[in-house]
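For reference, the structure is listed below as C-alpha coordinates.
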Number of protein chains: 2
Amino acid sequence: MNEVFEALAHPIRREILKLLRKRAMSAGEIAEHFTIAKPTLSGHFTVLKNAELVTTERQGTTIIYRLNMSVMEEALAAFMALAGAKGK
Amino acid sequence: MNEVFEALAHPIRREILKLLRKRAMSAGEIAEHFTIAKPTLSGHFTVLKNAELVTTERQGTTIIYRLNMSVMEEALAAFMALAGAKGK
DNA sequence: ACCATATTTCGGTATTTTCCTAAATAACAA
DNA sequence: TTGTTATTTAGGAAAATACCGAAATATGGT
(Lines give C-alpha, C1' and ligand atoms only; values in the text may rest on other atoms or scores of the structure.)
Protein backbone atom coordinates (compact mmCIF):
# COMPACT_ATOMS: atom_id res chain seq x y z
CA MET A 1 0.00 0.00 0.00
CA ASN A 2 2.97 2.26 0.55
CA GLU A 3 3.86 1.99 -3.12
CA VAL A 4 0.37 3.13 -3.98
CA PHE A 5 0.61 6.29 -1.90
CA GLU A 6 4.03 7.01 -3.33
CA ALA A 7 2.68 6.56 -6.83
CA LEU A 8 -0.09 9.03 -6.09
CA ALA A 9 2.39 11.63 -4.91
CA HIS A 10 3.27 12.89 -8.39
CA PRO A 11 0.80 15.13 -10.26
CA ILE A 12 1.55 13.60 -13.63
CA ARG A 13 0.82 10.14 -12.33
CA ARG A 14 -2.46 11.30 -10.86
CA GLU A 15 -3.30 12.89 -14.19
CA ILE A 16 -2.56 9.62 -15.96
CA LEU A 17 -4.95 7.81 -13.65
CA LYS A 18 -7.58 10.44 -14.33
CA LEU A 19 -7.21 9.89 -18.07
CA LEU A 20 -7.47 6.13 -17.68
CA ARG A 21 -10.58 6.55 -15.63
CA LYS A 22 -12.42 7.44 -18.82
CA ARG A 23 -10.98 4.67 -20.94
CA ALA A 24 -7.94 2.48 -21.48
CA MET A 25 -5.27 4.12 -23.62
CA SER A 26 -1.98 3.31 -25.27
CA ALA A 27 1.23 4.81 -23.96
CA GLY A 28 1.33 7.03 -27.03
CA GLU A 29 -2.18 8.33 -26.54
CA ILE A 30 -1.41 9.15 -22.95
CA ALA A 31 1.78 10.88 -24.03
CA GLU A 32 -0.22 13.24 -26.25
CA HIS A 33 -1.66 14.81 -23.11
CA PHE A 34 1.72 15.80 -21.75
CA THR A 35 4.74 17.76 -22.87
CA ILE A 36 7.36 15.71 -21.09
CA ALA A 37 9.69 13.29 -22.86
CA LYS A 38 8.39 9.79 -23.51
CA PRO A 39 11.06 8.01 -21.47
CA THR A 40 10.08 10.15 -18.51
CA LEU A 41 6.48 9.16 -18.99
CA SER A 42 7.52 5.55 -19.34
CA GLY A 43 9.15 5.84 -15.93
CA HIS A 44 5.88 7.07 -14.48
CA PHE A 45 4.12 4.10 -16.05
CA THR A 46 6.55 1.80 -14.31
CA VAL A 47 5.76 3.37 -10.96
CA LEU A 48 2.03 2.98 -11.54
CA LYS A 49 2.52 -0.60 -12.66
CA ASN A 50 4.65 -1.52 -9.65
CA ALA A 51 1.92 -0.13 -7.44
CA GLU A 52 -0.50 -2.25 -9.46
CA LEU A 53 -2.63 0.80 -10.08
CA VAL A 54 -2.59 -0.02 -13.79
CA THR A 55 -2.27 -3.13 -15.89
CA THR A 56 -0.89 -3.47 -19.40
CA GLU A 57 -1.69 -5.45 -22.46
CA ARG A 58 0.29 -5.48 -25.65
CA GLN A 59 -1.68 -5.08 -28.87
CA GLY A 60 0.71 -5.46 -31.72
CA THR A 61 3.16 -2.65 -31.48
CA THR A 62 1.28 -0.57 -28.95
CA ILE A 63 0.80 -1.18 -25.26
CA ILE A 64 -2.56 -0.52 -23.68
CA TYR A 65 -2.76 0.81 -20.15
CA ARG A 66 -5.86 0.40 -18.08
CA LEU A 67 -6.85 1.27 -14.55
CA ASN A 68 -6.83 -1.53 -12.00
CA MET A 69 -10.02 -0.62 -10.22
CA SER A 70 -9.62 -3.13 -7.42
CA VAL A 71 -6.36 -1.59 -6.25
CA MET A 72 -7.83 1.89 -6.66
CA GLU A 73 -10.63 0.85 -4.36
CA GLU A 74 -8.27 -0.66 -1.82
CA ALA A 75 -6.32 2.59 -1.81
CA LEU A 76 -9.51 4.54 -1.35
CA ALA A 77 -10.45 2.34 1.58
CA ALA A 78 -7.01 2.85 3.13
CA PHE A 79 -7.39 6.56 2.70
CA MET A 80 -10.81 6.53 4.28
CA ALA A 81 -9.34 4.69 7.25
CA LEU A 82 -6.94 7.61 7.63
CA ALA A 83 -9.54 10.28 7.08
CA GLY A 84 -11.86 8.67 9.55
CA ALA A 85 -14.83 8.23 7.25
CA LYS A 86 -17.30 5.52 8.05
CA GLY A 87 -15.98 3.59 5.10
CA LYS A 88 -17.20 1.27 2.40
CA MET B 1 -3.70 19.52 -3.14
CA ASN B 2 -0.37 18.33 -4.47
CA GLU B 3 1.25 19.04 -1.12
CA VAL B 4 -1.37 16.86 0.53
CA PHE B 5 -0.64 13.87 -1.66
CA GLU B 6 3.09 14.34 -1.16
CA ALA B 7 2.57 14.49 2.58
CA LEU B 8 0.64 11.24 2.46
CA ALA B 9 3.45 9.52 0.59
CA HIS B 10 5.52 8.78 3.68
CA PRO B 11 4.48 5.94 6.01
CA ILE B 12 5.52 7.79 9.15
CA ARG B 13 3.39 10.76 8.21
CA ARG B 14 0.41 8.53 7.56
CA GLU B 15 0.99 6.91 10.93
CA ILE B 16 1.04 10.32 12.59
CA LEU B 17 -2.30 11.16 11.01
CA LYS B 18 -3.67 7.85 12.22
CA LEU B 19 -2.58 8.65 15.76
CA LEU B 20 -4.13 12.09 15.60
CA ARG B 21 -7.37 10.59 14.38
CA LYS B 22 -7.97 9.31 17.90
CA ARG B 23 -7.03 12.49 19.70
CA ALA B 24 -4.83 15.56 19.54
CA MET B 25 -1.34 14.97 20.86
CA SER B 26 1.81 16.87 21.69
CA ALA B 27 4.91 16.44 19.55
CA GLY B 28 6.49 14.53 22.39
CA GLU B 29 3.59 12.13 22.77
CA ILE B 30 3.68 11.44 19.06
CA ALA B 31 7.42 10.91 19.25
CA GLU B 32 6.93 8.13 21.78
CA HIS B 33 5.34 6.05 19.04
CA PHE B 34 8.41 6.14 16.83
CA THR B 35 12.08 5.30 17.08
CA ILE B 36 13.36 8.03 14.80
CA ALA B 37 15.14 11.13 16.04
CA LYS B 38 13.01 14.08 17.10
CA PRO B 39 14.42 16.49 14.53
CA THR B 40 13.41 14.03 11.83
CA LEU B 41 9.93 13.83 13.24
CA SER B 42 9.79 17.59 13.49
CA GLY B 43 10.50 17.71 9.76
CA HIS B 44 7.55 15.41 9.14
CA PHE B 45 5.38 17.71 11.23
CA THR B 46 6.41 20.60 9.03
CA VAL B 47 5.36 18.70 5.92
CA LEU B 48 1.98 17.88 7.42
CA LYS B 49 1.54 21.47 8.54
CA ASN B 50 2.44 22.90 5.14
CA ALA B 51 -0.14 20.60 3.60
CA GLU B 52 -2.55 21.90 6.23
CA LEU B 53 -3.36 18.36 7.25
CA VAL B 54 -2.66 19.32 10.86
CA THR B 55 -2.89 22.46 12.92
CA THR B 56 -0.87 23.38 15.99
CA GLU B 57 -1.51 25.12 19.23
CA ARG B 58 1.06 25.93 21.85
CA GLN B 59 0.17 25.05 25.42
CA GLY B 60 2.93 26.27 27.63
CA THR B 61 6.05 24.45 26.65
CA THR B 62 4.39 21.77 24.59
CA ILE B 63 2.87 22.03 21.15
CA ILE B 64 -0.36 20.23 20.43
CA TYR B 65 -0.95 18.75 17.01
CA ARG B 66 -4.45 18.06 15.79
CA LEU B 67 -5.95 16.76 12.60
CA ASN B 68 -7.46 19.29 10.23
CA MET B 69 -10.52 17.34 9.28
CA SER B 70 -11.66 19.70 6.56
CA VAL B 71 -8.47 19.25 4.57
CA MET B 72 -8.58 15.51 5.17
CA GLU B 73 -12.04 15.49 3.69
CA GLU B 74 -11.01 17.58 0.71
CA ALA B 75 -8.19 15.14 0.07
CA LEU B 76 -10.58 12.24 0.34
CA ALA B 77 -12.87 13.90 -2.17
CA ALA B 78 -9.95 14.46 -4.55
CA PHE B 79 -9.00 10.85 -4.20
CA MET B 80 -12.52 9.71 -4.87
CA ALA B 81 -12.51 11.79 -8.03
CA LEU B 82 -9.48 9.76 -9.11
CA ALA B 83 -10.86 6.44 -8.05
CA GLY B 84 -14.13 7.09 -9.77
CA ALA B 85 -16.41 6.71 -6.79
CA LYS B 86 -19.76 8.43 -6.85
CA GLY B 87 -18.32 11.19 -4.71
CA LYS B 88 -18.95 13.30 -1.62
C1' DA C 1 19.09 35.08 36.45
C1' DC C 2 19.43 30.23 35.97
C1' DC C 3 17.84 25.61 35.10
C1' DA C 4 14.98 22.02 33.04
C1' DT C 5 11.90 20.48 29.50
C1' DA C 6 9.80 20.58 24.85
C1' DT C 7 10.46 21.44 20.32
C1' DT C 8 12.62 23.34 16.32
C1' DT C 9 16.43 25.01 13.35
C1' DC C 10 21.05 24.31 11.46
C1' DG C 11 24.55 21.96 8.86
C1' DG C 12 25.69 18.16 6.47
C1' DT C 13 25.50 13.45 4.26
C1' DA C 14 23.24 9.64 1.94
C1' DT C 15 19.57 8.16 -0.79
C1' DT C 16 15.86 8.72 -3.92
C1' DT C 17 13.34 11.00 -7.43
C1' DT C 18 12.83 13.28 -11.64
C1' DC C 19 14.11 14.33 -15.96
C1' DC C 20 16.66 14.20 -20.22
C1' DT C 21 19.12 12.23 -24.62
C1' DA C 22 20.74 8.29 -26.90
C1' DA C 23 20.40 3.64 -27.67
C1' DA C 24 17.95 -0.76 -27.44
C1' DT C 25 13.91 -3.77 -28.11
C1' DA C 26 9.41 -5.37 -30.15
C1' DA C 27 6.22 -5.89 -33.69
C1' DC C 28 4.95 -5.48 -38.16
C1' DA C 29 5.22 -4.37 -43.24
C1' DA C 30 7.56 -4.27 -47.64
C1' DT D 1 16.48 -8.04 -44.44
C1' DT D 2 15.53 -3.33 -44.12
C1' DG D 3 12.66 0.18 -42.52
C1' DT D 4 9.11 2.29 -39.53
C1' DT D 5 6.57 3.04 -35.49
C1' DA D 6 5.79 2.34 -30.48
C1' DT D 7 7.78 1.84 -26.31
C1' DT D 8 11.31 0.84 -22.98
C1' DT D 9 16.05 0.58 -21.04
C1' DA D 10 20.55 2.70 -20.05
C1' DG D 11 23.37 6.31 -18.34
C1' DG D 12 23.82 10.23 -16.01
C1' DA D 13 22.93 15.10 -14.03
C1' DA D 14 20.21 18.04 -10.98
C1' DA D 15 17.06 18.55 -7.42
C1' DA D 16 14.47 16.98 -3.61
C1' DT D 17 13.90 14.06 0.50
C1' DA D 18 15.13 11.79 4.66
C1' DC D 19 17.89 11.37 8.33
C1' DC D 20 20.98 12.49 12.23
C1' DG D 21 23.66 15.08 16.06
C1' DA D 22 24.51 19.58 17.81
C1' DA D 23 22.90 23.87 18.75
C1' DA D 24 19.23 27.24 19.21
C1' DT D 25 14.69 28.86 20.85
C1' DA D 26 10.61 29.08 23.87
C1' DT D 27 8.33 28.50 28.11
C1' DG D 28 7.76 28.04 32.89
C1' DG D 29 9.63 27.19 37.46
C1' DT D 30 12.88 28.35 41.30
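Proteins come first, then strands; the chains are lettered A, B, ... in the order of their sequence lines, and each starts at number 1.
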Practice problem: Take the protein atom CD1 of I64(A) and the nucleotide atom P of dT8(D), then report the distance between them rounded to whole Å. | Solution: 11 Å
Exercise. Figure out the CZ/C1' separation between F45(B) and dA18(D), and round it to whole Å.
Key: 15 Å
Quiz item: Which class fits the ring pair F79(A) and F79(B): parallel under 30°, tilted 30 to 60°, perpendicular over 60°?
Solution: tilted
Quiz prompt | Residue of the set H10(A), R21(A), H33(A), H44(A) for which side-chain contact (heavy atoms from CB on, under 4.5 Å) holds with I16(A) | solution = H44(A)
Exercise. Check the distance between dG28(D)'s C1' and R58(B)'s CZ and give it to me in whole angstrom.
Key: 11 Å
Quiz item: Any side-chain heavy atom of L53(A) within less than 4.5 Å of one from M72(A)?
Solution: yes
Quiz item: Do L82(B) and L8(A) have side chains that get closer than 4.5 Å, going by heavy atoms?
Solution: yes
Exercise. Compare side-chain N and O positions of H10(B) against OP1 and OP2 of dC19(D) and report whether any pair is under 4.0 Å apart.
Key: yes
Self-check item: Separation of atom CD in Q59(B) from atom C1' in dA6(C), rounded to whole Å
Solution: 13 Å
Practice problem: Report yes if a side-chain nitrogen or oxygen of T46(B) is closer than 4.0 Å to either non-bridging phosphate oxygen (OP1 or OP2) of dT8(C); otherwise report no. | Solution: no
Exercise. Tell me whether the OP1 or OP2 atom of dT7(C) has a side-chain N or O from S26(B) closer than 4.0 Å.
Key: yes
Quiz item: Is the phosphate of dT17(C), meaning OP1 or OP2, less than 4.0 Å from a side-chain N or O of H44(A)?
Solution: no
Quiz item: Can you check the F5(B) CZ to dT17(D) P distance for me, whole Å?
Solution: 17 Å
Quiz prompt | Rounded distance (Å) that lies between atom C1' of dA18(D) and atom CD of E15(B) | solution = 18 Å
Self-check item: Side chain of R13(B) (C-beta onward), nearest among dA18(D), dT27(D), dT8(C)
Solution: dA18(D)
Quiz item: Is any side-chain heavy atom of M25(A) closer than 4.5 Å to a side-chain heavy atom of E32(A)?
Solution: no
Quiz item: Less than 4.5 Å apart, any side-chain heavy atom of T40(A) and any of F34(A)?
Solution: no
Self-check item: Rounded distance (Å) that lies between atom P of dT25(D) and atom CD1 of I63(B)
Solution: 15 Å
Practice problem: Please state how far atom CE in M25(A) lies from atom P in dT7(D), giving the value in whole angstrom units. | Solution: 11 Å
Quiz item: Counting only side-chain N and O atoms of Y65(B), is one of them less than 4.0 Å from OP1 or OP2 of dA6(C)?
Solution: no
Exercise. For T61(A) and for V47(A), locate the closest nucleotide of DNA chain C by heavy-atom distance; then report the residue assigned to the nucleotide nearer the 5' terminus.
Key: V47(A)
Quiz prompt | Interface residues of residues 30-42 of chain B with DNA chain D (non-hydrogen, below 4.0 angstrom) | solution = I36(B), A37(B), P39(B), T40(B)
Quiz item: Which value, rounded to the nearest 0.5 Å, describes the distance between L48(A) atom CG and L67(A) atom CG?
Solution: 9.0 Å
